[in-house]
Amino acid sequence: MKEENMRRAILLAKEAAQEGEVPVGAVIIRGEQVIACGRNRREKGKNALYHAEIEAIDAACKALGGWRLPGCELYVTLEPCPMCAGAIINARIEKVYFGAYDKKMGAAGSVIDLFALPSAYRPLTEGGILEKECAALLSGFFRSLRK
């Protein structure tokens with residue numbers, strides 16, 4: 001099930017790449033139901049907040065009618081940054097699954113682990129889900145920009 005849900009996020013990341021965005025996609029699941037999706041839109045939206053996770057969390061809050069997302073799992077193709085990790089904590093997302101590790105901005109263990117802070121809420125986290133596929137999307141995207 002983890003790989004199936006990550007593949008949904010990968011499809012969104014590919015859509016982002018086709019629009020010239022860094023290929024990151026996110027899906028929020030509750031039970032077996034897709035609640036919300038998101039993808040990077042920073043370039044098109046000209047807004048630093050338009051990360052895939054933020055878009056998915058915003059849509060999930062609207063769909064479920066509240067700021068807490070009980071029973072929800074987030075699947076995202078890249079390890080969350082500090083901003084997104086903070087939003088995940090605040091939304092009370094129960095589980096976070098990510099694909100590629102982010103050695104520059106990762107806030108789920110690569111650079112810092114905001115989920116391990118002694119805060120009131122700590123989601124369960126697992127990285128490396130379809131890691132090679134997620135990392136290949138990112139490296140291919142940046143390689144094409146350098147050409």
Side-chain angles (χ1 to χ4, degrees), residues 1-45 47-65 68-116 121-147:
M1 198 60 152
K2 290 178 195 173
E3 288 185 2
E4 179 183 328
N5 290 327
M6 187 60 72
R7 290 197 191 288
R8 290 178 170 133
I10 287 170
L11 290 175
L12 292 160
K14 288 178 179 178
E15 287 178 20
Q18 290 172 352
E19 294 177 355
E21 300 283 351
V22 174
V24 179
V27 178
I28 295 179
I29 307 286
R30 188 162 72 175
E32 294 184 22
Q33 181 181 6
V34 174
I35 301 299
C37 299
R39 63 179 189 261
N40 272 3
R41 297 179 195 266
R42 289 186 308 172
E43 298 302 326
K44 186 175 181 181
N47 191 316
L49 301 175
Y50 291 1
H51 286 211
E53 300 96 310
I54 300 297
E55 184 174 83
I57 290 168
D58 182 56
C61 289
K62 289 174 181 168
L64 297 176
R68 291 180 194 91
L69 300 175
C72 289
E73 300 177 354
L74 171 71
Y75 292 82
V76 61
T77 57
L78 180 64
E79 180 180 1
C81 72
M83 175 182 70
C84 293
I88 290 163
I89 291 166
N90 280 293
R92 309 294 196 267
I93 292 174
E94 290 186 15
K95 296 179 184 175
V96 177
Y97 300 102
F98 64 88
Y101 290 84
D102 186 345
K103 303 295 184 197
K104 293 181 181 178
M105 292 296 294
S110 288
V111 176
I112 189 170
D113 190 353
L114 292 181
F115 299 138
Y121 187 80
R122 295 183 198 183
L124 297 174
T125 308
E126 183 179 340
I129 310 296
L130 299 177
E131 180 180 4
K132 289 181 183 178
E133 194 171 336
C134 293
L137 276 173
L138 290 157
S139 60
F141 175 80
F142 289 113
R143 190 171 29 258
S144 71
L145 286 181
R146 288 189 292 272
K147 287 184 182 181

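Both backbone and side-chain heavy atoms feed into the values below; hydrogens, waters and symmetry mates do not. The structure presented is a predicted model; accordingly, all values stated were derived computationally and were not measured. Numbers here are sequence positions counted from 1.
When all heavy atoms of Ala60 and Ala36 are compared, the pair lying nearest together is N-CB, 3.4 Å. Nearest heavy atoms, Pro123 versus Ile89: CD-CG1, 4.4 Å. Closest non-hydrogen pair, Ala13 versus Gly25, comes out as CB-N, 3.6 Å. The two atoms that bring Cys134 and Ala100 nearest to each other are CB-N, 3.7 Å, heavy atoms only. Heavy-atom minimum distance, Ala107 versus Cys81: CB-C, 3.6 Å.
Checked by atom type and distance alone, the side chain of Asp58 never pairs as donor or acceptor with a backbone atom of Ile54 at under 3.5 Å. A donor-acceptor pair is defined here as one N or O able to donate and one able to accept, closer than 3.5 Å; such a pair exists between the side chain of Glu21 and the backbone of Arg42. A donor-acceptor pair under 3.5 Å links the side-chain atoms of Asn47 to the main chain of Leu49, judged by distance alone. Of the possible polar contacts, none joining the Asn40 side chain to the His51 backbone as a donor-acceptor pair under 3.5 Å is found.
For Glu79 and Lys103, the salt-bridge test fails: no basic side-chain N is under 4.0 Å from an acidic carboxylate O.
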Under the side chain to side chain contact (heavy atoms under 4.5 Å, CB included) rule, what do Val22 and Leu138 come out as? Steps first, then yes or no, please. CA-CA 7 Å; Val22 174; Leu138 290 157; 3.7 Å; yes
Criterion side chain to side chain contact (heavy atoms under 4.5 Å, CB included) on Met1 and Glu32, from CA distance to verdict: CA-CA 9 Å; Met1 198 60 152; Glu32 294 184 22; 4.0 Å; yes
In sequence, state the C-alpha distance, the side-chain angles, and the governing distance for Arg7 and Glu133, and then conclude on side chain to side chain contact (heavy atoms under 4.5 Å, CB included). CA-CA 9 Å; Arg7 290 197 191 288; Glu133 194 171 336; 2.9 Å; yes
Decide yes or no on side chain to side chain contact (heavy atoms under 4.5 Å, CB included) for Glu131 and Tyr101, but give the supporting numbers first. CA-CA 8 Å; Glu131 180 180 4; Tyr101 290 84; 3.4 Å; yes
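Here the side chains of Arg39 and Glu19 are in contact, with some heavy-atom distance below 4.5 Å. Side chains of Val34 and Cys37 form a contact here, defined as non-hydrogen atoms less than 4.5 Å apart. In this structure, the side chains of Asp102 and Val111 stay at 4.5 Å or more apart for every pair of heavy atoms. Under the 4.5 Å side-chain criterion, counting only non-hydrogen atoms from C-beta, Tyr97 is in contact with Glu73. In this structure, Leu69 and Glu94 have side chains that are not in contact, with every pair of non-hydrogen atoms separated by 4.5 Å or more. Side-chain contact check for Val24 versus Thr77: some heavy-atom pair is nearer than 4.5 Å. Contact of the Arg8 side chain with the Ile29 side chain is registered, since non-hydrogen atoms from C-beta on lie closer than 4.5 Å. Taking 4.5 Å as the limit, every side-chain heavy atom of Pro80 sits out of range of all side-chain heavy atoms of Thr125.
Annotation: the span from Ile28 atom CD1 to Asn5 atom CG amounts to 12.0 Å, rounded to 0.5 Å. For the atom pair CD1 of Ile93 and CZ of Phe115, the computed distance is 8.0 Å after rounding to the nearest 0.5 Å. Phe98 CZ to Ile129 CD1: the interatomic distance, rounded to the nearest 0.5 Å, is 9.0 Å. Between the SG atom of Cys72 and the NZ atom of Lys95 there is a distance of 12.0 Å, given to the nearest 0.5 Å. One finds the CD atom of Glu15 at 13.0 Å from the CD1 atom of Ile10 (value rounded to the nearest 0.5 Å). Here CD1 of Ile57 is found 7.0 Å from SG of Cys84. Values are rounded to the nearest 0.5 Å.
Enclosure of atom CZ in Phe141 by more than 12 non-hydrogen atoms of other residues, nucleotides or ligands within 6.0 angstrom is indicated.
Of the residues Leu11, Val76, Leu74, Leu12, the one that meets the side chain to side chain contact (heavy atoms under 4.5 Å, CB included) test with Val27 is Leu12.
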